[in-house]
Protein chains: 2
Amino acid sequence: MDKTLKRMATMHRMQVTGLELFYQNGYYNTSIDDILKALGLSKGAFYYHFDSKEDFFISIVQNLVVQKFYSHMIEPIEGQEDPLNNILNTFENSLATAEHNSLDHGFMLSNFITEFNGKNPVIMKYLKDIYQIWEVNLVSLLQKGKSDGYVARHVDSEGVASYLTASYIGIRTLMVEGNSRTLRYQYIQQLRQYFKMLAQKEMA
Amino acid sequence: MDKTLKRMATMHRMQVTGLELFYQNGYYNTSIDDILKALGLSKGAFYYHFDSKEDFFISIVQNLVVQKFYSHMIEPIEGQEDPLNNILNTFENSLATAEHNSLDHGFMLSNFITEFNGKNPVIMKYLKDIYQIWEVNLVSLLQKGKSDGYVARHVDSEGVASYLTASYIGIRTLMVEGNSRTLRYQYIQQLRQYFKMLAQKEMA
DNA sequence: TTTATTTCCGACCAAGTGGTCGGTCGACCC
DNA sequence: GGGTCGACCGACCACTTGGTCGGAAATAAA
């Protein structure tokens, strides 16, 4: 068991550092040597634990990326009260975190989707799955919001969910090129207006 | 002048093919040899016309990308009637074009912004400028819409513009991973609702 | 036809790339 | 102590990268 522990510990260290660099510089722009140098490890160590660079990245997605996504974007939106409020708060918190992180490099998921699109269908599948978990969660939350009277019944939950994820991805992309404070404020403000509409029983 | 013409013609051919491949595979993932092979030209020809790969890319942005952006995203939204309607139609047309293009690789501008962020500030500047032209145009259009009575006076033009560009960037990013038809429909539908709100004289 | 100049060729280079492989070293078992 | 085995080392390989350079066609000027 000790051996297994050591093995796991090393693999985990590699994955953490790997994700950091992949997120920072992109997958194709980060060499295995870069990661190994940051870790003080050698080629031998890497290929002892992982089959290939791709295998390594997939293991990172399955372990770290999924986990991060759940804890930052999925779990915080769940709750018994007004789902629109929960979504708004979760989005605002995420944007605030990004804003105050000078090392922010955009929305991890959409960055990778953009990079792998048309190049690696296998990895794309994993990323797509994460996105869909996000959307499904939003939809069911909005549906529940309808039963609970927080969301107007005429609202198209799927449409709103797509619209929400799209706008969030977009604003995160824009925030990387500076001016993030204003962008966050404007975005939340507009989202608030939009949600006010979704909550209304009747449209004019 | 003939020489200049030939020179320009070759350079233009290189730029067109270059943009095609850069858009398809990304800048760092497209080698000069790839482009040259597609053109049937040699290394010598390339470095005779351009100083470096970066110089080449910048020339592409300044010539082709800016031009494309103007003709597809800026000029179509201008008009005397309802600006909200113009924006909606322009966005819908762009999304429809992307949807019916099986070779679509996402929104060019945001793809490049994502790729160059934190890696090449010089190129980032050029991309950022294009984005800002977009936003400025949207803002002034919305302002005019206010004077003309199409847009409610309480609306924050800057905020709406940011929100619009963000949502468009996001939906284009999502459309690359399939299901583009549904996404476009949902997006336009939600945008319509949102615009209805912006046009209203008073909020409930 | 010679001469000059623009345009293009392709061999070459140093610096990387992902991946392989024989070997070392220490912890544990007998 | 000897042997086994998991964990790691680092030289090495074939290949690709952006970029250089001497020279050769093509074209225009004389």
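Keep in mind that this is a model prediction, so the values were computed, not measured. To find a chain, count down the sequence lines: A is the first, B the second, and so on, and within it residues start at 1.
- The phosphate of C/dC8 has OP1 or OP2 within less than 4.0 Å of a side-chain N or O from B/H49.
- In this structure, A/Y48 places its OH atom 16 Å from C1' of C/dG22, rounding to the nearest Å.
- The aromatic ring centres of B/Y126 and B/F116 sit 6.0 Å or more apart.
- A straight line from CE of A/M11 to C1' of D/dC8 spans 14 Å, rounded to a whole angstrom.
- Between A/F56 atom CZ and C/dG19 atom C1' the separation is 15 Å, expressed in whole Å.
- Two rings, from A/F107 and A/Y168, have their centers less than 6.0 Å apart.
- Computed from coordinates, the A/D55 CG to C/dG18 P distance equals 14 Å when rounded to whole Å.
- Spacing between atom CE of A/M8 and atom P of D/dA7 amounts to 12 Å, rounded to whole angstrom units.
- Side chain to side chain, B/Y194 and B/Q190 fail the donor-acceptor criterion of an N or O pair below 3.5 Å.
- A side chain to side chain donor-acceptor pair (under 3.5 Å) with A/Y23 is found for one member of A/N111, A/D104, A/T30 and no other, namely A/D104.
- Per the geometry, CG belonging to A/L36 stands 16 Å off P belonging to C/dG16, to the nearest Å.
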Nucleotide by nucleotide, 5' to 3', does protein get under 4.0 Å of the base (B), only the sugar-phosphate (S), or neither (-) in nucleotides 10-17 of chain D, counting heavy atoms? B------S
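- The separation between B/F46 atom CZ and C/dC12 atom P is 22 Å, rounded to whole Å.
- For the pair B/M14 CE and C/dT7 P, the interatomic distance rounds to 11 Å; values are reported in whole Å.
- Dashed line: the shortest gap from a side-chain N or O of B/Y47 to OP1 or OP2 of D/dG19 is under 4.0 Å.
- Ring centers of A/F112 and A/Y27: at least 6.0 Å apart, outside the cut-off.
- Side chains of A/T90 and A/N93: a donor-acceptor N/O pair is absent below 3.5 angstrom, by distance only.
- In this model, the phosphate group of D/dG6 is not approached by any side-chain N or O of A/R7 to a distance below 4.0 Å at OP1 or OP2.
- For A/S52 and C/dG18, the shortest distance from a side-chain N or O to OP1 or OP2 is not below 4.0 Å.
- No donor-acceptor contact under 3.5 angstrom links the side chains of A/S52 and A/D55, judged on distance only.
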